[in-house]
Structures are given as C-alpha cells and as structure tokens.
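Keep in mind that the numbers below use all heavy atoms, side chains included, and drop hydrogens, waters and symmetry copies. All values derive from a computational prediction rather than experimental measurement.
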Amino acid sequence: MDHKLSTLLCLTLLFSTILNPALSELCNPEDKKVLLQIKKAFNDPYVLTSWKSETDCCDWYCVTCDSTTNRINSLTIFAGQVSGQIPTQVGDLPYLETLEFHKQPNLTGPIQPSIAKLKSLKELRLSWTNISGSVPDFLSQLKNLTFIDLSFSNLTGSIPSSLSQLPNLNALRLDRNKLTGHIPKSFGEFHSSVPDLYLSHNQLSGTIPTSLAKLNFTTVDFSRNKLEGDASMIFGLNKTAQIVDLSRNLLEFNLSKVEFSKSLTSLDLNHNKITGSIPVGLTQLDLQFLNVSYNRLCGQIPVGGKLQSFDSSAYIHNRCLCGAPLPSCT
C-alpha cells in the first residue's frame, strides 16, 4: 500500500509539473512580474519576444539568473531596438548586478532615478543612446559599482564630484556627451582603486585640478574639451600612466620640464598651446603612439628611442621644432 501510494504521489507530481511548468520554474515570480512590466512599458518590442508569462524567465533573452539564488542578476539589451524611457521598474530587480542598454538610439529621457535602489549593481552601461539630462548624483550611493559607461549620449550639466566616493570604480566613461563645467577637484581623491577616466568630446572648461597629481591613472582621455592651463600633474617619473590623450584643448604649459614614466605607451597632445621643447626623456619610452603637432614647441627633436619612428605629422605646425623626421635644424 505504501509503495502504491508513493508511486501515485510521484505520478501526480510528474503530471502536475507537465501541466503546470511553473512548478519546475527556476525564475523568481517577483522578478518575472517586474520583467513583464518592463516589456509592457517598452510596448512589447520584438527584441523581448522570448519574454512570455508561460515560460521560465531564466531562459529569456537579454537576462541571466544567478546560478545559486535564481534571481535576475543581469539585464542587457544591446541588439534589437527598444523605444521610450528606461522603465521605472528596473529599480525593482534587487539582485541586479549588470544593467546595460547599448546602441539604443530610441532610448530617451533621463537616467531612471529608480536605479538608485539597485544596491548590488556592479556595471552600468547606458551608451550610444539618446538619453538626456544630467549625470545623477545618486550613482555615488551604489558602492559596488566597478564600471560606469554613459558615453555617446546627450547628457548635459556638470560631472558630480560625489563619483569619487565610489570605492571600487575601475573605469568611468562620460565621453561624447554635452557636459559642461570643471573636472571635479575630488577626482584627485578616488578611494582604493583609481579608475580609467574617459571625459573626451564634451564641453568641459577651466583647469585640470592639481589634486590629480596625487593619483596614478592608467588611462586618461580629456581630449576635445576646452581645458586650459597646466596638465603636467598627470605625468611624473613614478606614475603608472599608459595612455594619455589631452589633444584639442587650450592647454598651456612648458613641456621641457615634464618628466614621463616608463609605463607611458601613448601620448597625444596635439592642438594645444604647449611651449618649450621635447624632453630627452621621451627617448627612453617604448611609445606606440605620439602626437605633439599644432602646438608652440621649439628646438631639436631628440634623437633616439621611438621618436624618429613617427612621421612628420606627429610634429608639424609647431613654432620652431626641427630635426628628423622634420627638416634638419639650421
């Protein structure tokens, strides 16, 4: 009797599982409800066709579930199109670690304030969109963030100084927006990790904060802004900078007094107002790229290292630079 009862129970469970897949579903019902609300807010786009109430949301396209908890930990939409604003419901996925909307030209409106609730978020990528408004101050509250990419959008206003409070940030991409104001002084006080900084193609003005001298950046790209004055604080014999692009600004400092670390592999200073001469120290570096054209440099280009491996376009349109690969000094 006991054997028959256990068999009957097993069969009942098997048939109920077949008839009602929800019993075998890994997906958390609350997460599923939120995702279906997000789909509805986007007006049921084709890219989210797999999001159906009768299927397991852990199998849906554009999302992943944690292998242990089965909670949604990633929402990434980078192929196919969605239209409208980022739905407020994205803030109701409490275990989300990655949120990405990439190459979405029809994504508009501000950066959704409800993202502030995502305390587990590690990667935020809202790039190549038509998102507008400001870079929100609330991002500094998301202490687990390691990567912020808000590039190629229509963001305006200034850069929040509070971003330096993020203890685990490895990279900050705010390039190709319409940001104004100064680079925050607090960017010389990042805690723990020092992020790669991409602030190019904006309308940033003023001077580069001297506080940046305190930090070791690996990559700095401040190109195509309206920055003035000195930039020598980014360099130094003991720094670890590898890629520095300060091109197309209004920078004005004496290059001959600058010391460069041996880690530097790419240096772009073109289209500024930099004076002095090219330091001999640059011959000691394994440079893969160099451009100092369109400045106010003078004197002979030092011979040695990689300096003669670049063609004249790397040196042209200076006040009185001479020597290979430019015409010889008279």
### Query
What heavy-atom pair brings Leu287 and Leu282 nearest, and what distance separates the two atoms?
CD1-O, 4.2 Å

### Message
Hydrophobic clusters here meaning ILVMFWY residues chained together by side-chain heavy-atom distances under 4.5 Å, can you tell me if Leu321 and Ile316 are in one?
### Response
yes

### Task
Decide disulfide bond (SG atoms under 2.5 Å apart) for Cys58 and Cys65; before the verdict, give the C-alpha distance in whole Å, the side-chain angles of both, and the deciding distance to 0.1 Å.
CA-CA 5 Å; Cys58 289; Cys65 287; 2.1 Å; yes

### Query
Hey, quick one: are Leu99 and Phe152 part of the same hydrophobic cluster, counting side-chain heavy atoms closer than 4.5 Å, chains of contacts allowed?
no

### Summary
Tested for side-chain contact (heavy atoms from CB on, under 4.5 Å) against Ile274, the lone hit among Asn254, Asn318, Asn295 is Asn295

### Query
Are Phe147 and Phe78 linked, directly or through other ILVMFWY residues, by side chains that come within less than 4.5 angstrom of each other?
no

### Query
In Å, rounded to the nearest 0.5 Å, how long is the span from OG1 of Thr76 to NE2 of His102?
11.0 Å

### Task
Output yes when a side-chain donor or acceptor of Asn202 lies under 3.5 Å from a complementary backbone atom of Lys178, and no otherwise.
yes

### Expected output: side-chain Gln85 to main-chain Ile111 donor-acceptor under 3.5 Å
no

### Task
Quick one: sort the His317 and Tyr294 rings into parallel, tilted or perpendicular, breaks at 30° and 60°.
parallel

#### Entry: Ser114 backbone acceptor or donor facing Gln112 side chain under 3.5 Å
yes

### Query
How far does CD of Glu25 sit from CG of Asp59, to the nearest 0.5 angstrom?
8.5 Å

### Query
Testing Pro209, Ser164, Ser211 for side-chain contact (heavy atoms from CB on, under 4.5 Å) with Ser186, which one passes?
Ser164

#### Entry: Flag side-chain contact, heavy atom, 4.5 Å: Phe222 against Asp175
no

### Task
Side-chain contact test, heavy atoms from C-beta onward, threshold under 4.5 Å: evaluate it for Ile243 versus Phe289 and give yes or no.
no

### Query
For Ser132, does its backbone N or O pair with a side-chain atom of Asn154 as donor and acceptor, under 3.5 Å?
no

#### Entry: Among Leu237, Leu267, Val244, the one residue meeting side-chain contact (heavy atoms from CB on, under 4.5 Å) with Phe260
Leu267

### Message
For a quick test of reading the model, state the closest non-hydrogen atom pair linking Leu227 to Ser205 and the distance between them.
### Response
CD2-O, 3.8 Å

### Joint hydrophobic cluster, Leu246 plus Val194, side-chain heavy atoms closer than 4.5 Å
yes

#### Entry: Phe138 atom CZ, over 12 foreign heavy atoms within 6.0 Å
yes

### Under 3.5 Å: donor-acceptor pair, side chain of Asp56, backbone of Cys27
yes

### Query
Any idea which heavy atoms bring Lys32 and Ser53 closest together, and the distance?
NZ-O, 2.6 Å

### Considering all heavy atoms, the nearest Asn249-Lys226 contact
OD1-N, 3.3 Å

### Query
Side chains of Asp221 and Leu199: closer than 4.5 Å at any heavy-atom pair?
no

### Message
For a 4.5 angstrom cut-off between non-hydrogen side-chain atoms, does Leu179 reach Leu155?
### Response
yes

### Message
Do Glu100 and Ile77 make a side-chain contact, defined as non-hydrogen atoms from C-beta onward lying under 4.5 Å apart?
### Response
no

### Query
Should the ring pair Trp60 and Trp51 be called parallel, tilted or perpendicular, given that the plane angle runs from 0 to 90° and is split at 30 and 60?
parallel

### Side-chain (Ser223) to main-chain (Ser247) donor-acceptor, under 3.5 angstrom
no

### Query
More than 12 non-hydrogen atoms from neighbouring residues, nucleotides or ligands closer than 6.0 Å to NZ on Lys117, yes or no?
yes

### Summary
Note: Pro94 and Ser120 closest approach over all heavy atoms is O-OG, 3.7 Å

### Message
When you measure from the side chain of Glu54 to the backbone of Lys52, do you find a donor-acceptor pair of N or O atoms at a distance under 3.5 Å?
### Response
no

### Message
I'd like to know if Leu163 and Tyr198 are part of one continuous hydrophobic network [Ile/Leu/Val/Met/Phe/Trp/Tyr, side-chain heavy atoms within less than 4.5 Å].
### Response
no

### Query
Which pair of heavy atoms, one from Tyr61 and one from Ala79, lies closest together, and at what distance?
OH-CB, 3.9 Å

### Summary
Distance col, row Ser293:OG vs Asp268:CG, nearest 0.5 angstrom, shows 7.5 Å

### Message
For Phe310, is the CZ atom crowded, meaning more than 12 foreign heavy atoms sit under 6.0 Å from it?
### Response
yes

### Task
Hey, could you give me the OG/CG distance between Ser200 and Leu174, rounded to the nearest 0.5 Å?
10.0 Å

### Message
When you compare the side chains of Ser162 and Asp137, does any donor N or O come within less than 3.5 Å of an acceptor on the partner?
### Response
yes

### Message
Is any side-chain heavy atom of Lys143 closer than 4.5 Å to one of Lys119?
### Response
no

### Message
Are more than 12 heavy atoms, taken from residues, nucleotides or ligands other than Asp311, located less than 6.0 Å from that residue's CG atom?
### Response
yes

### Task
Check whether any side-chain N or O of Asp44 sits under 3.5 Å from a backbone N or O of Tyr46 as a donor-acceptor pair, and report yes or no.
no

### Query
Is a side-chain donor-acceptor pair under 3.5 Å present for Thr240 with Ser263?
no

### Query
Got a donor-acceptor contact below 3.5 angstrom from the Asp149 side chain to the Arg125 backbone?
no

### Query
So do the side chains of Leu251 and Asp230 get within less than 4.5 Å of each other, counting heavy atoms only?
no

### Message
Strictly distance-based, threshold 3.5 Å: is any side-chain N or O of Gln203 a donor or acceptor partner for the main-chain N or O of Asn177?
### Response
no

### Query
Any side-chain heavy atom of Leu145 within less than 4.5 Å of one from Leu124?
yes

